[in-house]
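First up is the structure itself, then whatever we jot down about it.
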Amino acid sequence: MDRPHISPMSIRSRWHAWSRVPMVRTGLFVLGIAMVIVSPVVGLVPGPGGIIVFGFGLGLVLKYSDWAKRRYVAFKRAHPNKGRWADWGLRRPSAKRREARLRDDGAAEGAGAGAGD
């Protein structure tokens with residue numbers, strides 16, 4: 001039995017290869033904008049559908065648009081508390097790192113204050 005000399009790509013690596021194609025990136029960006037625009041209409045239906053559609057659409061826009069990333073960073077700098085909530089809602093890894101760092105800093109301050117008493 002002959003084996004192929006190239007191992008098959010995993011689904012994740014195939015998706016990453018496709019997401020580097022400019023037409024696919026543009027299509028996903030347009031899909032994200034469409035989802036953001038449609039989210040108020042979906043929000044009229046009972047349930048949290050509009051929020052979910054908006055979150056997925058915003059995630060696609062942020063992933064595939066450098067302009068949107070720059071605007072998002074400017075928004076987060078201007079409104080840090082709203083940015084923290086947006087990061088948490090989008091389940092961004094930076095939000096998890098930031099929360100862990102704040103917990104560690106708070107624990108270190110608590111331990112340092114108790115030692116000086």
Side-chain angles (χ1 to χ4, degrees):
M1 178 158 113
D2 292 332
R3 289 186 164 171
H5 67 282
I6 299 174
S7 62
M9 293 174 64
S10 68
I11 293 173
R12 177 173 277 199
S13 59
R14 272 189 256 161
W15 174 251
H16 286 297
W18 270 103
S19 69
R20 282 179 255 156
V21 176
M23 280 300 279
V24 173
R25 291 180 65 86
T26 303
L28 290 171
F29 173 70
V30 170
L31 176 65
I33 289 176
M35 290 174 78
V36 169
I37 291 171
V38 169
S39 65
V41 175
V42 176
L44 296 175
V45 177
I51 295 171
I52 294 169
V53 170
F54 181 81
F56 279 124
L58 183 61
L60 284 173
V61 169
L62 287 175
K63 182 161 179 76
Y64 295 108
S65 170
D66 292 333
W67 174 83
K69 288 177 194 174
R70 288 191 300 271
R71 298 294 301 163
Y72 181 69
V73 168
F75 171 78
K76 282 177 43 174
R77 286 186 180 143
H79 308 281
N81 202 24
K82 293 175 187 172
R84 187 170 32 253
W85 276 97
D87 282 345
W88 178 81
L90 291 170
R91 303 287 192 252
R92 294 177 59 94
S94 60
K96 294 176 186 175
R97 287 192 306 269
R98 191 175 308 110
E99 292 298 322
R101 188 178 65 232
L102 288 173
R103 276 194 307 266
D104 292 343
D105 290 346
E109 288 177 10
D117 290 338

According to side chain to side chain contact (heavy atoms under 4.5 Å, CB included), who are the partners of R20, at least two apart in sequence or on a separate chain? H16, A17
Just to verify, what does V73 make a side chain to side chain contact (heavy atoms under 4.5 Å, CB included) with, not counting sequence neighbours? R77
Quick one: side chains of residues 35-64, donor-acceptor pairs under 3.5 Å with protein atoms, not counting sequence neighbours, listed by atom name and distance.
| from | atom 1 | to | atom 2 | distance (Å) |
| --- | --- | --- | --- | --- |
| S39 | OG | V36 | O | 2.8 |

Could you list the residues that satisfy side chain to side chain contact (heavy atoms under 4.5 Å, CB included) with R97, not counting sequence neighbours? P93, S94
Can you list every pair that meets salt bridge (charged side-chain N to carboxylate O under 4.0 Å, His left out) and has a residue in residues 22-32, with sequence neighbours left out? none
For K82, enumerate each residue passing the salt bridge (Lys or Arg N to Asp or Glu O under 4.0 Å) test, keeping only those at least two apart in sequence or located in another chain. none
Could you tell me which residues satisfy side chain to side chain contact (heavy atoms under 4.5 Å, CB included) with A74, sequence neighbours excluded, listed by chain and number? none
Going by the rule salt bridge (Lys or Arg N to Asp or Glu O under 4.0 Å), which residues pair with D104 if we only count those two or more places apart in sequence or in a different chain? none
In chain order, what residues pass the side-chain hydrogen bond (donor to acceptor under 3.5 Å, both in side chains) check against K76, with sequence neighbours excluded? D87
Are V21 and L28 linked, directly or through intermediate hydrophobic residues, by side-chain heavy-atom contacts shorter than 4.5 Å (ILVMFWY only)? yes
